[in-house]
2 protein chains.
Amino acid sequence: MGVLTSARRDQRERRVTAVADNARRVPAYRQVADDLRARIVSGEYPSGSLIPSERELVEEFGISRPTVRNALDLLRNEGVILVEHGRGAFVRPTPTVHRLARNRLSRKAREDNQGTFLGDAATGGWTPSVSVRVRFESADERIAGLLAIAPGTEVCVRDRLMRADGIPVQLATSWLPRDITRDSVLEQMDTGPGGAYARIEEMGHRLTMFEELVGSRMPTSDELVSLQLAAGIPVLTVTRVAIAEGGRPVEVNDMVLSSERYQLHYMLSAE
Amino acid sequence: MGVLTSARRDQRERRVTAVADNARRVPAYRQVADDLRARIVSGEYPSGSLIPSERELVEEFGISRPTVRNALDLLRNEGVILVEHGRGAFVRPTPTVHRLARNRLSRKAREDNQGTFLGDAATGGWTPSVSVRVRFESADERIAGLLAIAPGTEVCVRDRLMRADGIPVQLATSWLPRDITRDSVLEQMDTGPGGAYARIEEMGHRLTMFEELVGSRMPTSDELVSLQLAAGIPVLTVTRVAIAEGGRPVEVNDMVLSSERYQLHYMLSAE
DNA sequence: TAGTGGTCTAGACCACAGC
DNA sequence: CTGTGGTCTAGACCACTAT
């Protein structure tokens, strides 16, 4: 009972009306994608439900399976459906969006909480957990530039994977000049109450400012796995530079977050 | 001269070594995509150059055209190549990233410049141009919530398309309560020197704070056209709320930017 | 007119999930 | 075992670009 039998008729008729037909024909796979998307937003296929199988759609629309797959690939890349091999295609539930307040970086907020991530957890009411790996390397061009040190200088690198209620939500990598971290708890996995920034200040580097550079891109395949992202969902990237009294950058922190789960919330004075 | 003849042989052999072969076979289309991607990063196919045609790749790899297309679709969705009907597929040049400084919202900066967008142009050294459309509508749930007004209240809506040196770089839509804009230049296309914020302040609504909510997503098909985006490139979304003395929200501004061309730069006090 | 990508067919066989 | 998606073939014809 192909919805597209009419489309195919249009295609034949087009030869006769080639000049008048300025509006391009909508290809079959796109019509099917549009149709299925409409059924999803209308609620006919509720969130999380199984949509018809590829072979069923072949029957319903009267088109070949590659064309059906082409349509489903579109919806997959849009993040509308989630396909599982051997099981079927499901309407992808959209997670709730959390706001990450960036003014949490103020000294007051830092003293009140154990760290930015733990502070967000306290506000959001979820259980945080963090895996940490510490290593040392030579600063590359980019990190050296951001830390205002010579390329090749030894830096302490802290890789972290943050989880909320067990599910991975954020990747973060920090670089700190080794002359600041040497023989301190900053080279340990647990930096203690108040987080790394509290330790840095205790060591005499009073923080005056944070710079954050926010961008977005598609995830790498590694990020796709470790953050358990769906296809078609970009990540937010935040590069934060912590600047101490005297203007010295003391930490660079690269963060990667699912754009589907997080928004960044900045409060800026108009003065 | 198929690179993949070996892959096909592997496939046959897999039947015999099914248990030992834990590592899944890499499908042909993925091998081809990986191969082409490697040629691009190695510089064998320089930025902007034409890559071999689909039929040529069919010959080279000894696979069918749909499989070649599958590989190219991957690279297209990654934003690695740019395909033009009738011409061929090109290595996509990556535009330079501009930083948009958000502290440009301070009163000093607003007085110095003609508006945030024009101010960025002055700093960046490019020629700005803006198309504006003004209309009126009833506030929907979201806008009403952000402006702290009743849903259905009449608002003034300003749609803008900003260009840098003629190429579209940013979409913006502002909503303002009609009781603020009525009979003012805010309902005209050109809001004059200092931009809309200067006019709002002149009318007695001294601005105290901006909230910015930053997210990211794949572009809609409309945005893809108007911002001339390549496939596989997400957009950054910024929702800004301008808050006047007394805590009243006076403007909501939704911005959409190419993530490939822009990063947002925030400066936050550590105090 | 020749070469390019865009769409589509009608199959085939494989791998995975679940009963 | 059955039904699901994953991969692949060998074509066909159309639309667009450039000459």
Side-chain angles (χ1 to χ4, degrees), chain A residues 2-5 7-19 21-34 36 49-59 61-76 81-90 231, chain B residues 2-5 7-19 21-34 36 49-59 61-76 81-90 231:
Chain A
V3 165
L4 295 181
T5 47
R8 281 205 291 270
R9 194 161 51 242
D10 288 342
Q11 185 177 12
R12 275 197 297 275
E13 286 169 10
R14 253 194 105 246
R15 291 176 192 153
V16 198
T17 61
V19 177
D21 190 356
N22 293 355
R24 256 195 300 297
R25 178 183 92 89
V26 178
Y29 73 91
R30 193 160 270 291
Q31 288 183 53
V32 172
D34 291 345
L36 294 175
S49 69
L50 192 61
I51 72 173
S53 75
E54 294 179 357
R55 272 111 177 153
E56 281 168 346
L57 294 171
V58 164
E59 283 304 307
F61 288 96
I63 57 179
S64 70
R65 189 165 160 232
T67 302
V68 165
R69 283 187 62 81
N70 207 337
L72 294 180
D73 282 346
L74 260 187
L75 298 178
R76 211 196 313 211
I81 62 171
L82 189 151
V83 182
E84 292 184 42
H85 192 173
R87 300 227 302 142
F90 302 83
Chain B
V3 165
L4 296 179
T5 48
R8 280 204 291 271
R9 192 161 52 241
D10 288 343
Q11 185 177 12
R12 273 197 298 276
E13 285 170 8
R14 250 192 108 245
R15 290 176 195 152
V16 198
T17 61
V19 177
D21 190 356
N22 292 355
R24 254 195 300 299
R25 177 183 93 90
V26 177
Y29 73 92
R30 195 160 267 293
Q31 289 184 52
V32 172
D34 292 345
L36 294 176
S49 68
L50 191 62
I51 72 172
S53 75
E54 294 178 356
R55 273 117 179 143
E56 281 168 348
L57 293 170
V58 164
E59 283 306 306
F61 288 96
I63 57 179
S64 70
R65 189 162 160 234
T67 302
V68 166
R69 283 188 62 80
N70 208 338
L72 294 182
D73 282 347
L74 260 188
L75 297 179
R76 212 193 316 208
I81 62 171
L82 188 150
V83 181
E84 291 184 42
H85 193 173
R87 301 229 298 144
F90 302 83

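These numbers come from the heavy atoms of this one structure, side chains and all, not from hydrogens, waters or symmetry mates. Per chain, numbering begins at 1; letters A, B, ... match sequence-line order.
Protein atom CG of Asp73(A) is 15 Å distant from nucleotide atom C1' of dG6(C), rounded to whole Å. Distance CG (Leu72(B)) to P (dC8(D)): 14 Å, rounded to an integer number of Å. The separation between Leu82(B) atom CG and dT4(C) atom C1' is 15 Å, rounded to whole Å. The interatomic distance linking Leu57(B) (CG) with dG3(C) (P) rounds to 17 Å, in whole Å. The CD-P distance, from Glu59(B) to dT9(D), rounds to 13 Å in whole Å. The separation between Asn70(B) atom CG and dC8(C) atom P is 16 Å, rounded to whole Å. Rounded to a whole Å, the CZ atom of Arg55(B) is 13 Å from the P atom of dC13(D).
For Ser64(A), the side-chain hydrogen bond (donor to acceptor under 3.5 Å, both in side chains) partners are Thr67(A), not counting sequence neighbours. With sequence neighbours excluded, the residues satisfying side-chain hydrogen bond (donor to acceptor under 3.5 Å, both in side chains) with Asp73(B) are Arg76(B). Applying the side-chain contact (heavy atoms from CB on, under 4.5 Å) test to Arg55(B) and every residue at least two apart in sequence or in another chain returns Ser53(B), Arg65(B). Taking Ala71(A) as the reference, Tyr29(A), Val32(A), Ala33(A) meet the side-chain contact (heavy atoms from CB on, under 4.5 Å) condition, with sequence neighbours excluded. With sequence neighbours excluded, the residues forming a side-chain hydrogen bond (donor to acceptor under 3.5 Å, both in side chains) with Arg87(B) are Glu84(B), listed by chain and number.
Considering only the side chain of Arg69(A), dT7(D) comes nearest among dA10(D), dT9(C), dT7(D). Each of dT4(C), dG6(C), dG5(D) was ranked by its minimum atom distance to the side chain of Glu54(B); first place goes to dG6(C).
At dC8(C), none of the side-chain N or O atoms of Tyr29(A) fall inside 4.0 Å of OP1 or OP2 (strictly under the cut-off). For dC8(C), the OP1/OP2 oxygens have no side-chain nitrogen or oxygen of Thr67(A) closer than 4.0 Å. Using a 4.0 Å cut-off, no side-chain N or O of Ser64(A) falls inside it from OP1 or OP2 of dA10(C).
Atom CD1 of Ile51(B) sits about 10.0 Å away from atom CD of Glu56(B), to the nearest 0.5 Å.
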Expected rows: protein N/O vs nucleotides 17-19 of chain D N/O, under 3.5 Å:
unit_1: dA18(D); atom_1: OP1; unit_2: Arg87(B); atom_2: NH1; d: 3.1

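With hydrogens and angles ignored, no donor-acceptor pair closer than 3.5 Å exists between the side chain of Arg25(A) and the base of dG6(C). Judged by atom type and distance alone, Arg65(A) reaches the base of dG6(D) through a side-chain donor-acceptor pair under 3.5 Å.
No engagement by Arg30(B) is indicated, since no non-hydrogen atom pair under 4.0 Å with the nucleic acid exists.
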Worksheet item: What do the steps show when you test Ile81(B) against Leu36(B) for side-chain contact (heavy atoms from CB on, under 4.5 Å), and what is the final call?
Response: CA-CA 10 Å; Ile81(B) 62 171; Leu36(B) 294 176; over 6 Å; no
